[in-house]
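Below: one structure, written as structure tokens.
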Amino acid sequence: MTLKVLCVAEKNDAAREISRLLSNNQSSRREGLSKFNKIYEFSCEMLNNNASVSMTSVSGHLMTYDFTGPFKGWEKCPPVALFSAPILSFCPENYQPIKKTLEREAKKNEVLVLWTDCDREGENIGAEIRDVCLSANNRIRVYRARFSEITFRSIKTAIQRLESLDEKLAAAVYCRQELDLRIGAAFTRFLTLRLQKVFPADLADQLVSYGPCQFPTLGFVVDRYKQVQQFVPETFYKLKAVVMKNDISVDFSWSRGRLFNRAVTEIFLEMCQEHPTAVVSRVASKSKSKWRPLPLDTVEFEKHASRKLHINAKQAMSIAEKLYTQGLISYPRTETNLFPASMNLVPLVQEQTQDGQWGDMARQILADTPNPRRGNKSDQAHPPIHPIKYAPNLQGDEKKVYEFIVRHFLACCSKDAQGMETSVDICVSQEEFSAAGLVITQRNYLEVYPYDKWSDKNIPNFTQGESLPTERIELVEGETTPPLLLKEADLIALMEKHGIGTDATHAEHIETIKSRRYVGVQQDGTFLPGMLGMGLVEGYDEIGYNLSKPYLRAELEADLKAICLGQKNKDDVIKSMVEKYKQVFIETTANAIKIDQSLSSYFGTPEPMGPEQGDMRGGGDDLLPLAKCRSCLQFDMYFKTTREEKWILSCVGYPQCKYIVFFPSGVTHAKTESEQLCNRCPHPPVHKARLTFERGTIPYFLQGDIPNVFIGCLFCNEDIKRAGIELRNMSSHPPTVAHSHNSYQSVVPQNSFTIQDTPHNSNNNNPIASGRRDLGFDPTNPPPPVKRYSDGTSHYTKHPRVTEPPSGGDDDNFVVCNCGARANLLTVKKEGPNTGRKFYTCMTNSCKYFLWDPRSDPSMDTRPPRQDPTQMSSYVPPTGDPFMSLYPNRPDSNSHNQSVCCRCGEQAKLLTVQKQGNNHGKQFYSCPKPREQGCNFFQWADEERRDSFSPPQRGRGGNSFSKVSRGGPRLCSICRQAGHNKKNCPNSNPF
DNA sequence: GCAAGGTC
């Protein structure tokens with residue numbers, strides 16, 4: 001029996017090479033949907049079967065991450081919301097062909113073997129491949145091949161010991177990805193939006209970013225610059241003895257090195273000058289070798305290119321990649337600095353014998369057999385960088401880079417340079433001096449490697465015990481010098497030392513801080529911090545977090561390691577790190593003025609920016625959410641001002657969730673009280689709000705210690721209602737928002753509305769409208785097309801009080817539900833039988849009217865949405881709705897579970913939320929009288945927040961329900977305890 | 001328009 005196996009490697013090169021090895025050079029090649037990722041086919045033994053194998057590849061990560069909907073817009077949500085915003089995982093457009101190839105091939109095969117690189121990222125890429133393949137073929141069996149290098153032996157061993165994917169490694173990468181995105185985006189948006197406003201003259205178009213790699217890199221440059229600035233030179237003194245031998249003058253240096261006290265040095269000088277004869281105390285000769293370089297890895301390549309060729313790291317890497325794609329050199333991204341024992345270097349050296357400059361050297365190496373040193377690093381995937389083919393016709397920098405790689409390779413394969421070092425010690429009046437000379441005996445690798453310097457230094461022959469007159473003894477004065485400013489190669493070395501970025505990304509991070517104007521490069525290649533970079537680091541230092549230091553990142557790295565080892569759990573790490581960084585962020589925003597001040601020493605007077613500007617542009621202290629949205633329960637709600645400068649409280653889920661609360665015009669400022677939580681509201685935390693009123697507009701009984709200021713919960717406070725602080729709200733049921741690792745958004749709005757007015761009463765006179773809710777959509781008798789502002793024949797009618805939309809265009813998406821609120825035309829995005837279908841849904845949570853758009857493709861499934869008489873709505877959203885599965889809680893027949901809705905007199909049901917989620921098990925009252933008849937009231941059993949959920953037309957105040965239960969003690973409606981009522985409840989709000 | 005990590 002033949003087993004059908006799909007193998008997937010991390011990149012095409014690896015797939016090709018592994019196929020070659022597994023097939024004994026017998027694989028055939030065909031095209032995949034991605035032109036960069038071929039499919040290699042062959043047969044071999046696998047899992048004790050004859051396997052027919054298709055081997056293909058991805059190109060690194062298949063999936064990428066981003067925020068969704070409202071969180072994508074820079075000014076649509078406050079940056080702090082990004083710490084809890086949902087994240088969408090999706091396959092970007094240019095990788096779709098790869099994904100489609102995987103899906104297609106997965107369907108044809110029984111087994112999937114993952115051949116991604118054996119590192120953390122590789123494990124995660126493996127998991128991405130697995131998820132895609134399983135979604136196309138859920139019966140495919142998944143294995144992981146582990147190999148340390150792409151050699152016949154390693155590959156064979158791997159195939160005999162197929163394992164399972166290490167979920168821990170994959171999880172660590174998910175963790176890194178999520179944190180990098182949240183932290184980077186939040187800080188970047190905040191900084192950019194704020195500083196563009198504060199320093200419009202200099203930074204109006206400047207992107208000011210924060211990244212956990214770029215910022216510490218900037219920190220290194222600033223640190224060194226400061227060391228140089230703060231350096232105070234010190235004068236030192238030393239002695240020098242000059243001796244003539246065979247007409248050659250030799251400088252001997254003092255064994256005491258240097259002293260910082262002139263008087264003391266002068267005493268030694270006088271002593272020597274009193275008895276100036278030098279006696280040779282020791283002459284020693286020993287052989288010395290200068291080691292040939294180690295095989296070249298990426299980091300060394302970048303450093304050498306920068307130092308010796310004066311080509312910056314980023315540029316050097318892009319040239320190397322070009323040479324690689326031309327087949328001239330090996331893969332340039334490698335952490336390996338030792339050639340695998342199995343690798344045959346002879347043909348590679350052979351190639352270079354043709355060259356006029358280094359051909360002789362290549363021949364010499366072949367005569368001696370190439371023998372490179374073995375370094376101590378291996379990424380177990382790629383060999384060190386080496387030339388593949390001889391390339392005589394390159395020009396410019398390409399030629400320089402290629403030549404360097406060839407010379408370095410030949411130098412590696414050559415022998416160490418040999419020399420003889422002679423050291424001579426002399427004694428002058430008990431003070432010791434020494435000198436050394438060098439004679440190079442065999443240049444060896446130096447012949448081909450001009451980048452290293454090792455020169456002869458001639459000194460004459462001295463004999464131990466001989467006495468010589470000193471030519472002179474002198475006091476030399478010098479000054480200590482500051483450290484040198486960093487050059488690119490030093491910066492890369494520091495990044496490597498502190499684990500900032502990876503070998504593949506060092507050059508990119510350096511490029512980023514250059515392009516963001518954080519640093520500049522001088523003519524001599526040294527890095528100077530720019531005004532922006534300097535100011536940012538100073539500002540952050542002022543705030544007190546070492547964001548420009550590598551520590552925080554190092555802590556994350558340690559956590560990631562712990563995840564890999566199974567000592568920590570991914571979700572815990574994300575939770576704690578998000579919380580940590582969020583606190584840092586909040587403190588940073590609260591102290592943002594310090595950043596302004598630091599920058600103001602470079603960019604002049606800042607434009608004042610305070611908390612009064614409570615918009616999304618990064619300022620002030622309005623960045624705390626008040627609570628989770630009362631409508632969608634998914635997103636946070638924030639205070640903000642409208643264009644007309646009226647205060648509102650809105651859900652950041654807009655436009656997916658349009659819940660919004662309007663305040664009366666007397667409110668001049670609204671803010672979340674960071675320290676005060678409401679102890680009665682569920683779904684904590686619900687913060688109390690601080691509303692500032694215009695003088696004279698606030699009722700006397702609301703005034704507390706501070707005149708004209710109200711502090712209290714907006715969702716369960718009777719006083720608010722009595723005071724006439726009308727919390728008008730409009731909302732829509734939000735579509736499901738995809739969370740991490742979901743590849744779809746189920747529903748997205750076709751357009752977005754701005755809310756212009758309060759909804760009004762339902763139009764009870766419209767028979768079609770009022771009947772529709774009960775009947776649902778009748779497929780046998782499809783209604784006429786829905787028109788905007790229909791003439792009464794449509795299911796939606798224009799309510800006379802709704803303001804005309806400003807455009808006046810023929811906007812079919814704009815309709816008014818029979819409850820008076822706006823209804824949206826939405827499209828199902830989730831893959832399934834209804835993909836692409838459009839439907840209308842009312843924006844108010846308490847209505848949730850649903851209707852398929854009859855203009856949708858009639859061949860689609862036109863069954864009406866699932867109806868359940870116990871459900872609140874005729875529309876059942878896919879997931880995420882706490883009201884989705886509501887079933888009456890009827891365990892007994894006594895009246896204990898019943899209340900009478902005092903508004904309409906109907907008996908209200910006490911229901912229990914069955915669906916798993918935040919509200920699981922919670923009880924609520926629901927009046928069964930249809931909305932069209934003016935009721936359909938909703939209220940959680942354990943709280944009072946009627947206005948949030950009641951139909952807008954209901955009057956304020958008064959209790960809609962009177963309990964008919966006669967059993968048990970009467971409980972306080974605030975704290976649910978017996979013995980008092982809400983008027984004298986000890987837990988009540990003081991207002 | 002944000003990050004960093006893979007890779008072409």
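By convention in this document, chain letters (A, B, ...) are assigned in the order of the sequence lines, proteins followed by strands, and residues within each chain are numbered from 1.
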**Message:** Taking ring pair (Phe, Tyr, Trp, His ring centres under 6.0 Å) as the definition, give me every residue that meets it alongside A:F603, ordered by chain and number, with sequence neighbours left out.
**Reply:** A:F199
**Message:** Check this for me, if you would: do A:E167 and A:K570 make a salt bridge, where the nitrogen-to-carboxylate-oxygen distance has to be below 4.0 angstrom?
**Reply:** no
**Prompt:** How are the rings of A:Y210 and A:F187 set to each other: parallel, tilted or perpendicular (split at 30° and 60°)?
**Reply:** tilted
**Protein proximity profile, nucleotides 1-6 of chain B - base contact B, sugar-phosphate-only contact S, no contact -, cut-off 4.0 Å on heavy atoms** = BBBBBB
**Message:** Please determine whether the number of non-hydrogen atoms from other residues, nucleotides or ligands lying under 6.0 Å from atom NZ of A:K594 exceeds 12.
**Reply:** yes
**Asked** Do you know the tightest heavy-atom contact between A:M534 and A:P529?
**Response** SD-CG, 3.7 Å
